[in-house]
Structure formats: C-alpha cells, structure tokens
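Take a look at the structure set out below.
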Amino acid sequence: MPPLPTSHPALHSLRALLCGFAQIFLQQHPGCGLLVLLAILIGAPDLLPGALLGGLTSMLIAQRRGYPPADIAIGLYGYNGILLGLLLSLKLPWTPPLPGLIIASAALSSLLLAPWMRRMRQHGWLPAFTFPFVLLGWLLLALFGQLQPPLAPPADIAATPELNALQLLLAVLCGLGQVIFLDSPWAGLCLLLGLRLADDRAALWALLGSSGGLMLAMVNGWPTDAALSGLYGYNASLAAIALSQVHRCPLAPGAGVLLALLLQFGFASLGLSVLTLPLILACWLIRVALQSWHRVLRDTPPTA
C-alpha cells in the first residue's frame, strides 16, 4: 500500500498500529490489519481493548526508544504487544491491575525484540517471530496460575465421528481464528480475507496449514472437539505462511506444517501451554536444517 498522503504523525501511528495487527500473520498491510481488528470485534469484542492497549504501548515504547522508524512503520513493534493484550484479557478478569499488566508486558516485548532484531541483522541470529510474546506470556500465566495447555492428548484413540464438508470448512476457518484466540469461523473468514488482501499466496498457505492440522488430528484420533475448534490449525497456519515467504518450493512450508503439529501435540502431552512456540521451533529447525544441508553441499568436493 502506498504511503499515506499526509505526514500527520497521528495518521502514521494509526497505520503502524494496523500493520502491527497484520504482523500477527506476518504481513505488513494496514488493510489486512484492519480486518484482523474487525475479526476480534466479531469473535470476542471484550478482547479488543487489551489488544489495542498492548499494540499502542509496544509501538510508543519503540518510538520513545528511537528504534528504526521503518521497523515501527511496518508493525514489527506492535504484534507481540497485541498478542499479550489478547492473552491477558482472555485469561484474567478486567480489574484495575490488568491494564497495568498489559502496558508493562507490551513495553517489555519491545525492549526484548529490539536487541534480538539487531543481532539477527548483524550476526545472523534466527528470527524472533513471537518469542517475546511466548516468554512473557508464560511468565505472566505462571504467575497467576493460568498456565494450562489448551488441549491434551486423548486417553485412547476413539473412532472419528462422521463429519460433513461444512463442519470441516468451519473448522479450517477456526484454525485461522485461533491465532488470535478466537474459535469463531466468521472471525476466521475475516482473517482469511485480510490475508487475501495482503498476499494471495499467504492466504492459500494459511488454509493449507489449518487444513493439514485438522486432517492430521482426525486421522490420528486426536480430540475431535479441539480439532473442530481449530486448536490444531493455528501454529501450522503460521508456520506455513512464514516458510512460504522464504522458500518458493512447497517442501519447506509443508515440512514446517508437520513439525509445528508434532511439536504442538508433544508439548501438550507434557502438560505445557504451547502458545505459538511450535511455530517458532518449526521455522528455526527448518532453517537450521537447510543451512546445514547447504553447508554440506558447499563443502563436498565434486566427484570426478
């Protein structure tokens, strides 16, 4: 999207905030961000104040600290704060301490992200993705006794009930919604439209990731309720989007989807709240594996 036709700081800040919502799905399109915001309004309007407070705080802290304006403008200092605002609003009641917790955690997310991004660019560190959100989310949920996994493995594998095409489609859309803690297919459809507006390829891979999570869950007899509410789709969708942006070959995002699903289910089996850690680890593992493979190819002498 071209720059706003005015240099008014408030409008630039609004655009950056909307890009922060879009960056949850690894996009930098303010129109996509507006649809993400609309999805929250549709699926859980009570979470919207926390999301806005978290996004504004993380962005303003970045501005006050003098972080690169280009990074702020495309929302890189917004999405972790938004996710923290959503998480805390979901898990804790709206009492006077909650806004302070959201502000403090969102500010810390920017302070953690800045040195990581600097080292990523200067020393080749792995991308942070949502690591500040996961780390601070774990600490806060553990502090308040809310660190429970969103899903758990079944005691035994039962027969999968017959499902129609509409139920499966709604479950795929819910997988997109669960990225921002929503199990509403209407919210998921809004998010899909946002991705479609920003990047057709990202929208396609998001659908493939969520569909892959649903299918793997159903084939393996994992909890049907969790599968239909999209809990197996959100990390797979994000991993597919992230890896498809870097690798044109479908093998890398496909492998990322599988890894994210296995990691998510494995962590849940251990009783851990995963948040978006499977996304992070899946992308890191794929990147390290490919770097190692390229190094082996480079160092292997040609045969005669």
Legend entry - Inter-residue atom distance Leu52.CG - Leu37.CG, 0.5 Å rounding: 5.5 Å
Inset, instruction - Kindly give the heavy-atom pair with the smallest separation between Ala171 and Leu214, and that separation in Å. - result: CB-CD2, 3.8 Å
Inset, instruction - Using ring-ring contact (aromatic ring centres under 6.0 Å, His included) as the criterion, list what pairs up with Phe181, not counting sequence neighbours. - result: none
Legend entry - Heavy-atom donor-acceptor pair, Trp94 side chain to Gly50 backbone, under 3.5 Å: no
Legend entry - Check: Thr57 side chain, Gly54 main-chain N or O, donor-acceptor pair, under 3.5 Å: no
Legend entry - Heavy-atom check, side chain of Pro93 versus side chain of Leu98, under 4.5 Å: no
Legend entry - Path from Leu26 to Leu195 over hydrophobic side-chain contacts below 4.5 Å: yes
Legend entry - Gap between atom CD1 of Ile61 and atom CG of Leu111 - 0.5 Å precision: 6.5 Å
Inset, instruction - May I ask you to list the residues sharing a hydrophobic cluster with Leu204, side-chain cutoff 4.5 Å, ordered by chain and number? - result: Trp205, Leu208
Legend entry - Greater than 12 external heavy atoms within 6.0 Å of Arg65's CZ: no
Legend entry - Euclidean distance, Leu18 CG relative to Arg15 CZ, rounded to 0.5 Å: 9.0 Å
Inset, instruction - From the options Leu38, Leu34, Ile40, select the one residue that forms a side-chain contact (heavy atoms from CB on, under 4.5 Å) with Phe21. - result: Ile40
Inset, instruction - Check for a donor-acceptor pair, side chain of Arg118 on one end and backbone N or O of Leu113 on the other, with a separation under 3.5 Å. - result: no
Legend entry - Exercise: identify the closest heavy-atom pair between Ala227 and Met218: CB-SD, 3.8 Å
Inset, instruction - Flag yes if Leu262 and Val257 sit in one hydrophobic cluster, no otherwise; membership is Ile, Leu, Val, Met, Phe, Trp, Tyr, and two members link when side-chain heavy atoms are under 4.5 Å apart. - result: yes
Inset, instruction - Kindly compute the distance separating CG (Asp225) from CG (Asp183), expressed to the nearest 0.5 Å. - result: 11.0 Å
Inset, instruction - Report the distance from atom CZ of Phe267 to atom CG of Leu263, rounding to the nearest 0.5 Å. - result: 5.5 Å
Legend entry - Flag side-chain contact, heavy atom, 4.5 Å: Leu108 against Pro132: no
Legend entry - Validation row: Trp222, Leu216 side chains within 4.5 angstrom (heavy atoms): yes
Inset, instruction - Return yes if some donor-acceptor pair links the side-chain N/O of Ser237 with the main-chain N/O of Ala206 below 3.5 Å, else return no. - result: yes
Legend entry - Minimum heavy-atom distance between Cys32 and Leu197, given as atom pair plus value: N-CD2, 3.9 Å
Inset, instruction - Look only at the side chain of His247 and the backbone of Cys249, and say whether a donor-acceptor pair between them is shorter than 3.5 Å. - result: no
Legend entry - Heavy-atom pair of closest approach, residues Gly177 and Leu191: CA-CD1, 3.6 Å
Inset, instruction - List, by chain and number, the other hydrophobic cluster members for Leu251, where Ile, Leu, Val, Met, Phe, Trp and Tyr join if side-chain heavy atoms come within less than 4.5 Å, directly or indirectly. - result: none
Inset, instruction - Please answer whether the main-chain N or O of Gly33 pairs with a side-chain N or O of Gln23 as donor and acceptor at a distance below 3.5 Å. - result: no
Inset, instruction - Starting from the C-alpha separation in whole Å, work towards a yes-or-no answer on side-chain contact (heavy atoms from CB on, under 4.5 Å) for Gln122 and Met117. - result: CA-CA 9 Å; Gln122 295 176 354; Met117 289 183 61; over 6 Å; no
Legend entry - Heavy-atom side-chain proximity of Leu281 to Leu259 below 4.5 angstrom: no
Legend entry - Single-linkage hydrophobic cluster, 4.5 Å side-chain cutoff, Leu169 and Tyr232 together: no
Inset, instruction - With sequence neighbours left out, write down each residue that passes salt bridge (charged side-chain N to carboxylate O under 4.0 Å, His left out) with Arg196, or none if nothing qualifies. - result: Asp200
Inset, instruction - May I ask whether Leu140 and Ile102 are part of the same hydrophobic cluster, defined by side-chain heavy atoms of I, L, V, M, F, W, Y residues being less than 4.5 angstrom apart, directly or through others? - result: yes
Legend entry - Interatomic spacing from CD in Gln178 to CG in Leu176 - rounded to 0.5 Å: 10.5 Å
Legend entry - Minimum heavy-atom distance between Gly256 and Ala239, given as atom pair plus value: O-CB, 3.8 Å
Inset, instruction - Without swapping roles, check the side chain of Arg119 against the backbone of Gly124 for a donor-acceptor pair under 3.5 Å. - result: no
Inset, instruction - List the steps and the verdict of side-chain contact (heavy atoms from CB on, under 4.5 Å) for Leu141 and Leu87. - result: CA-CA 9 Å; Leu141 293 182; Leu87 177 65; 4.0 Å; yes
Inset, instruction - Decide side-chain contact (heavy atoms from CB on, under 4.5 Å) for Leu112 and Leu136; before the verdict, give the C-alpha distance in whole Å, the side-chain angles of both, and the deciding distance to 0.1 Å. - result: CA-CA 10 Å; Leu112 287 172; Leu136 293 170; 4.1 Å; yes
Legend entry - Residue pair Gln27 / Gln245, side-chain heavy-atom distance below 4.5 Å: yes
Legend entry - Under 3.5 Å donor-acceptor, Ser210 side chain and Gly233 backbone: no
Inset, instruction - Kindly state each residue pair satisfying side chain to side chain donor-acceptor pair (under 3.5 Å) with at least one member in residues 276-291, sequence neighbours excluded. - result: Thr130-Thr276
Inset, instruction - Examine distances only and state if a side-chain atom of Ser110 and a backbone atom of Ser58 form a donor-acceptor pair shorter than 3.5 Å. - result: yes
Inset, instruction - Given side-chain contact (heavy atoms from CB on, under 4.5 Å), test Leu261 with Asn235 step by step and report yes or no. - result: CA-CA 7 Å; Leu261 288 168; Asn235 272 297; over 6 Å; no
Show me the donor-acceptor pairs, under 3.5 Å and distance only, between side chains in residues 67-84 and residues at least two apart or in other chains.
unit_1: Asp71; atom_1: OD1; unit_2: Arg121; atom_2: NH2; d: 2.9
unit_1: Asp71; atom_1: OD2; unit_2: Arg121; atom_2: NH1; d: 2.7
unit_1: Asp71; atom_1: OD2; unit_2: Arg121; atom_2: NH2; d: 3.3
unit_1: Tyr79; atom_1: OH; unit_2: Phe129; atom_2: O; d: 2.6
unit_1: Asn80; atom_1: OD1; unit_2: Phe133; atom_2: N; d: 3.1

Legend entry - Transitive ILVMFWY side-chain link Leu41 to Leu17, under 4.5 Å: yes
Legend entry - Side-chain donor/acceptor of Asn164 to backbone N/O of Leu166, under 3.5 Å: yes
Inset, instruction - Answer yes or no: does atom CH2 of Trp186 have more than 12 heavy-atom neighbours from other residues, nucleotides or ligands under 6.0 Å? - result: no
Inset, instruction - Identify the heavy atoms of Ala44 and Leu182 that sit nearest to each other, and give their distance. - result: CB-CD2, 3.5 Å
